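Proteins come first, then strands; the chains are lettered A, B, ... in the order of their sequence lines, and each starts at number 1. This structure is a prediction, so every number in the text was calculated from the model and none was measured. Computed over heavy atoms, backbone and side chain alike; hydrogens, waters and symmetry mates excluded.
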Amino acid sequence: MIHIRLPDGASRALSASSTAADLAASIGPSLAKRTVAAIVDGRLSDLSAPLPDGAAVELVARDDPRALDLIRHDLAHVLAEAVQALWPGTRTAIGPAIEHGFYYDFDRETPFTPEDLPVIEKKMREIIAARTPFTCEEWGREEARAHFEAAGEPYKIALLDAIPKGEPVTIYRQGDWLDLCRGPHMRTTGDAGTAFRLTRVAGAYWRGDANNKMLSRIYGVAFADKVALEAHMTMMAEAEKRDHRRLGREMNLFHFEEVAPGSVFWHPNGWRLFQTLIGYMRARQEEAGYVEVNSPDIMDRSLWETSGHWQNYRENMFLAKTQDDRDYALKPMNCPGHMLIYGQGTKSYRDLPLKLAEFGKVHRYEPSGALHGLLRVRSFTQDDAHIYCTPGQLTEECLKVNDLVMSIYRDFGFGDVRIKLSTRPENRIGSEESWDRSEGALREALDQAGHPYTIFEGEGAFYGPKLEYVLRDAIGRDWQCGTLQVDFNLPERFGSTYVAPSGEKLAPVMLHRALFGSLERFTGILIEHHAGHLPLWLAPIQVVVATVTEAADGWATEVAKVLRASGLRVETDLRNEKIGYKVREHALRKVPVQIALGAREAEQGTVTIRRHGTEGTRTLDLGEAVDCLARQARPPRELG
RNA sequence: GCCGCAGUAGCUCAGUGGUAGAGCGCACCCUUGGUAAGGGUGAGGUCGGGAGUUCAAUCCUCCCCUGCGGCACCA
């Protein structure tokens with residue numbers, strides 16, 4: 001006999017070598033029917049595994065959220081079986097459950113095409129309908145190796161070799177098909193269910209390493225039931241509607257051209273939005289003691305050698321050979337230029353902290369496959385700044401940047417911010433000691449701010465460790481924006497100094513920081529976050545004044561003039577169209593405020609306002625309307 | 001950069017080995033109307049670029065460019 005503890009605290013006696021399936025059956029037939037896995041002493045496991053005496057066991061039903069990964073992982077196996085049934089000789093690599101679904105990597109002479117997916121899916125549904133039991137077997141290493149060698153599965157042998165000595169080698173079998181697998185799995189292929197869909201084929205490097213062979217990956221989405229699958233599909237459609245590339249076109253904000261891949265052509269409306277962001281940031285920075293500068297876009301190779309970019313970053317730089325046979329580079333970062341500005345004149349400790357800000361446009365030759373609308377471009381504008389301070393001021397300055405960036409994100413409606421701390425990478429400059437100090441300063445600032453963070457070992461910049469601020473948007477997606485980096489190296493390389501109270505010349509410490517990060521990217525994120533419906537203070541066109549009849553043209557022109565005088569961005573629409581047509585068009589362009597004027601308003605000196613997001617219309621006196629709109633259109637925080 | 005897919009009017013897309021079509025948009029005309037599409041007429045295309053096959057290529061083949069989905073990269 002063994003004794004099992006249940007989550008409610010009850011204890012149950014079962015005969016020796018009983019399984020979780022037996023436990024479920026002993027409780028009741030309907031429970032047994034619903035149960036697909038068990039959590040034994042905190043670990044998800046198969047129903048068929050014998051339970052140890054004294055184990056704490058919780059039974060997991062198929063509709064339990066914790067069963068979702070099992071459904072997805074089961075489907076990965078079913079996918080692999082289907083593929084090998086259809087194309088014998090296809091080699092299998094790995095097939096995990098992932099967020100929203102699963103994938104399996106295959107090695108095959110000719111990669112899969114989208115046309116293969118319905119065929120594979122059909123086969124998968126046959127395998128599921130067969131309700132073949134999953135069984136777990138423990139094999140000897142040599143036995144497993146011999147099997148996969150005979151089966152022509154080199155990737156499985158590599159995975160087998162990666163299993164630490166002493167750990168068991170488990171094989172999961174479904175009918176005639178088997179896979180090297182840690183498990184667990186559910187009872188039969190039938191438990192995987194039919195709420196899944198194969199979505200795409202993609203290339204993926206074996207073990208995620210670009211030096212390895214590229215395998216052919218098949219992705220699927222899967223959920224516990226059709227309702228959840230449909231909800232996911234709806235969500236995908238919603239995300240597509242928010243796509244800033246589509247909205248950018250519909251709202252006439254920007255476009256791209258083949259002649260400048262990864263570089264934005266800003267249209268008047270997009271540029272207004274962009275400039276509104278810069279204006280806001282300029283005011284916030286001024287308030288925080290920054291001074292704005294500007295440095296050249298193209299500078300000689302020797303500068304980049306001094307900064308270390310030539311040695312560490314050249315493959316990402318746009319290079320230019322000039323008629324006088326000099327090597328220039330378009331700046332990929334603003335820091336070297338700022339070093340030269342700092343270097344002008346003698347700096348005293350009284351000048352520190354010195355905060356040089358620049359809305360500098362940087363160019364980086366990003367890999368072609370990385371480009372993505374405004375979110376990953378080859379030329380972009382940073383709200384960059386470099387803070388020169390004494391070692392003693394370092395932590396306080398980090399804290400100030402942290403406070404500023406969090407305050408700014410709040411103004412834009414991003415309350416959910418995560419921080420990543422990336423430490424020294426393999427490819428780096430500077431002494432271990434300065435890295436210790438830099439990493440220590442960032443840690444200390446974060447600890448003092450009391451903000452939780454995640455450490456990413458080896459992901460820092462070549463000149464220093466960095467903090468990265470990751471925003472979560474309205475539909476739960478994460479975007480990396482701001483960054484804060486500590487740098488002892490560049491001041492040293494440039495021989496930067498300040499005169500200390502003792503009269504001694506010392507090297508300042510430098511902070512690199514960008515809060516929006518890239519203005520281009522931040523604009524894209526805002527568009528997606530708001531689904532194009534930007535808050536009034538950011539909307540490129542805040543108000544359209546549209547006429548119902550020609551009789552109101554004069555009044556409309558007057559109203560627009562008054563609104564503009566109060567600082568609002570206003571367009572008039574005097575076209576020979578019906579008001580319904582105009583309303584529809586401006587609503588689709590996501591103009592937040594529409595004012596309709598007909599004979600009535602013209603006569604009474606009033607305006608009829610239609611505000612996006614609210615029902616119906618309101619008719620007000622012009623003066624009242626201007627006050628109200630101008631107030632609503634102010635930036636979210638009073639600027640100093 | 002790698003794997004796959006795609007590129008036809010401003011946009012969304014149809015189409016064919018014999019030099020192209022729709023809807024929306026645009027222009028003009030009629031209509032002067034009250035909150036998500038009033039009606040008519042018309043203009044608009046080097047069918048991404050280059051080479052090849054062919055009597056003939058937007059269509060078939062190859063190369064390149066760009067985009068899309070992943071992978072890798074992302075100071």
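Under the Watson-Crick or G-U wobble criterion, with both distances below 3.5 Å, rG33(B) has no partner in any strand shown. rC13(B): Watson-Crick or G-U partner is rG21(B), with both key distances under 3.5 Å. The partner of rU61(B) is rA51(B), judged by Watson-Crick or G-U wobble contacts that both fall below 3.5 Å. As the counterpart of rG42(B), rC26(B) is assigned, both hydrogen-bonding distances of the Watson-Crick or G-U wobble pattern falling under 3.5 Å. In this entry rU66(B) has rA6(B) as its Watson-Crick or G-U wobble partner, both defining distances falling under 3.5 Å.
Using a 4.0 Å heavy-atom cutoff across all strands shown, S368(A) reaches at least one base atom of the nucleic acid. Among the heavy atoms of the strands lying under 4.0 Å from P367(A) is at least one base atom, whether or not backbone atoms are also near. Contacts of T483(A) with the nucleic acid, taken as non-hydrogen atoms under 4.0 Å apart, are absent. Contacts of R217(A) with the nucleic acid, taken as non-hydrogen atoms under 4.0 Å apart, involve only primed sugar atoms and P, OP1 or OP2. Within 4.0 Å of A210(A), counting heavy atoms only, lie sugar-phosphate atoms of the nucleic acid but no base atom. Across all strands, K466(A) comes closer than 4.0 Å only to sugar-phosphate atoms, never to a base (heavy-atom distances). Within 4.0 Å of A546(A), counting heavy atoms only, lies no atom of the nucleic acid at all. Backbone-only engagement by G580(A) is indicated by non-hydrogen atom pairs under 4.0 Å involving sugar-phosphate atoms exclusively. In this structure, R611(A) reaches neither bases nor backbone, as no heavy-atom distance under 4.0 Å exists between it and the strands shown. N316(A) comes within 4.0 angstrom of a base, heavy atoms only. Within the 4.0 angstrom heavy-atom criterion, no nucleotide atom of any strand lies near Q480(A). Within 4.0 Å (heavy atoms only), P425(A) reaches no atom of the nucleic acid at all. Counting any heavy atom pair closer than 4.0 Å across all strands shown, G208(A) reaches sugar-phosphate atoms only and no base atom.
Atom pair Q604(A):CD and rG34(B):C1' shows a separation of 13 Å (rounding to whole Å applied). Protein atom CZ of F462(A) is 16 Å distant from nucleotide atom C1' of rC73(B), rounded to whole Å. One atom, CG of L588(A), and another, P of rA36(B), lie 11 Å apart when rounded to the nearest Å. The interatomic distance linking D107(A) (CG) with rG4(B) (P) rounds to 13 Å, in whole Å. Atom P of nucleotide rG69(B) and atom OH of Y219(A) are separated by 13 Å, given to the nearest angstrom. Atom CG of D105(A) and atom C1' of rG4(B) are 14 Å apart (whole Å). The distance between atom CZ of R108(A) and atom P of rC3(B), rounded to the nearest whole Å, is 16 Å. When rounded to the nearest whole Å, the span between CZ of R364(A) and P of rC73(B) equals 17 Å.
K420(A) and E459(A) are not joined by a salt bridge, as no carboxylate oxygen comes within less than 4.0 angstrom of a charged side-chain nitrogen. Note on E520(A) versus K361(A): no salt bridge recorded, every NZ/NE/NH1/NH2 to OD/OE distance being 4.0 Å or above.
Comparing rG4(B), rG38(B), rG70(B) against the side chain of M214(A) picks out rG70(B) as the nearest. Between rG69(B), rU32(B), rA36(B), one nucleotide has an atom nearer to the side chain of R200(A) than all others, and that is rG69(B). Nearest nucleotide to the R584(A) side chain, out of rA72(B), rU32(B), rA36(B): rA36(B). Checking rC3(B), rG38(B), rC65(B) against the side-chain heavy atoms of E258(A) singles out rC65(B) as nearest.
F256(A) and F254(A) have perpendicular rings, their planes meeting at more than 60° on a 0 to 90° scale where under 30° would count as parallel.
Rounded to a whole angstrom, the distance from the P atom of rU61(B) to that of rC5(B) is 12 Å. Between rG45(B) and rC11(B), the distance separating the two C1' atoms is 14 Å to the nearest Å. Between rG49(B) and rC74(B), the two C1' atoms lie 30 Å apart (nearest whole Å). To the nearest whole angstrom, the two P atoms, one in rA20(B) and one in rA9(B), are 14 Å apart. For the C1' atom pair drawn from rG44(B) and rC68(B), the interatomic distance equals 28 Å after rounding to whole Å. Taking atom C1' on both rC59(B) and rG17(B), the two are 7 Å apart, rounded to the nearest angstrom.
Of the side-chain N and O atoms in H372(A), one or more sit less than 4.0 angstrom from OP1 or OP2 of rG69(B). One finds a side-chain N or O of R245(A) lying less than 4.0 angstrom from the OP1 or OP2 phosphate oxygen of rC68(B). Close to rG39(B), at under 4.0 Å from its OP1 or OP2, lies no side-chain N or O of Y581(A). An OP1 or OP2 oxygen of rG34(B) is reached within less than 4.0 angstrom by no side-chain nitrogen or oxygen of R610(A).
Remark: R108(A) is positioned above the aromatic ring of W87(A), its terminal NZ or CZ atom under 6.0 angstrom from the ring centre and at most 45 degrees off the axis. Judged by the 6.0 Å and 45° rule, R72(A) forms a cation-pi pair with F223(A). Geometric assessment of R217(A) against the ring of Y103(A) yields a positive cation-pi assignment under the 6.0 Å and 45° thresholds. Judged by the 6.0 Å distance and 45° axis criteria, R472(A) is not positioned over the aromatic ring of F414(A).
A donor-acceptor contact under 3.5 angstrom links the side-chain atoms of E601(A) to the base of rG34(B). Side-chain to base pairing of R376(A) with rC74(B): one donor and one acceptor N or O lie within less than 3.5 Å of each other. In terms of polar N and O atoms assigned as donor or acceptor, the side chain of Y205(A) comes within less than 3.5 Å of the base of rG1(B) in a complementary pairing.
Both T608(A) and E459(A) lie close to RNA chain B; mapped to their nearest nucleotides by heavy-atom distance, the more 5′-ward contact belongs to T608(A). Residues I609(A) and P261(A) both approach RNA chain B. Their nearest nucleotides, taken by heavy-atom distance, put I609(A) toward the 5′ side.
Here H386(A) and Y342(A) keep their ring centres 6.0 angstrom or further from each other. Remark: aromatic rings of F102(A) and Y104(A) are distant, center separation not under 6.0 Å.
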